[in-house]
Amino acid sequence: MTDASDQGLAPITVRVATAVRLTGLSRSRIYELIQAGDIEIVKVGRATLVRYDSLQRLTSR
């Protein structure tokens, strides 16, 4: 089976901890941006997944 990273595909969502590493922002700042609507999330059960395209828009401003 081929891994998505082998094909150069971007993830659809990432966990909050990964969003922190990708952006360099603190965990609390990520949650503030989520509350403000600047970062979009998807809830799956108890997991909070951050939409990757939302992070890209945030960092490209």
Side-chain angles (χ1 to χ4, degrees):
M1 180 171 210
T2 306
D3 189 309
S5 61
D6 293 340
Q7 297 177 9
L9 300 175
I12 297 169
T13 60
V14 295
R15 293 191 175 267
V16 172
T18 303
V20 167
R21 285 195 312 273
L22 289 171
T23 62
L25 299 172
S26 70
R27 183 178 179 88
S28 60
R29 183 64 179 137
I30 293 289
Y31 280 110
E32 287 172 4
L33 290 167
I34 290 168
Q35 288 293 330
D38 294 327
I39 294 178
E40 298 172 49
I41 61 163
V42 176
K43 293 290 282 185
V44 179
R46 293 177 57 196
T48 300
L49 302 174
V50 178
R51 290 185 46 116
Y52 188 74
D53 60 342
S54 162
L55 288 178
Q56 289 179 309
R57 283 192 303 274
L58 177 75
T59 57
S60 68
R61 288 185 198 168

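Computed from heavy atoms alone, side chains included, the values below leave out hydrogens, waters and symmetry copies.
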Closest non-hydrogen atom pair between A19 and V14, with its separation: N-CG2, 4.1 Å
Closest non-hydrogen atom pair, Y52 against P11: CB-O, 3.2 Å
Sequence neighbours excluded - salt bridge (Lys or Arg N to Asp or Glu O under 4.0 Å) pairs with any residue from residues 45-55: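 Qualifying pairs, neighbours excluded: E40-R51, R51-D53, D53-R57.
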Within residues 15-27 or reaching into it, pairs that qualify as salt bridge (Lys or Arg N to Asp or Glu O under 4.0 Å) - sequence neighbours excluded: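 The answer is none; no pair qualifies.
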For T23, side chain to side chain donor-acceptor pair (under 3.5 Å) partners two or more places apart: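 Here no residue qualifies.
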Side chain to side chain donor-acceptor pair (under 3.5 Å) involving S60 - partner list, sequence neighbours excluded: none
By side chain to side chain contact (heavy atoms under 4.5 Å, CB included) - contacts of E32 (at least two apart): R29
T59 side, atom OG1; I39 side, atom CD1 - distance, nearest 0.5 Å: 9.5 Å
Reported CG-to-CG distance for the pair L33 and L55, which is rounded to 0.5 angstrom: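 Separation between the atoms: 9.5 Å.
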Side chains of V50 and T18 in contact at under 4.5 Å (non-hydrogen atoms):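 Contact flag for V50/T18 side chains = no.
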Side-chain hydrophobic cluster, 4.5 Å single linkage: members besides V42: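 Traced through the cluster, V42 reaches V44, L49.
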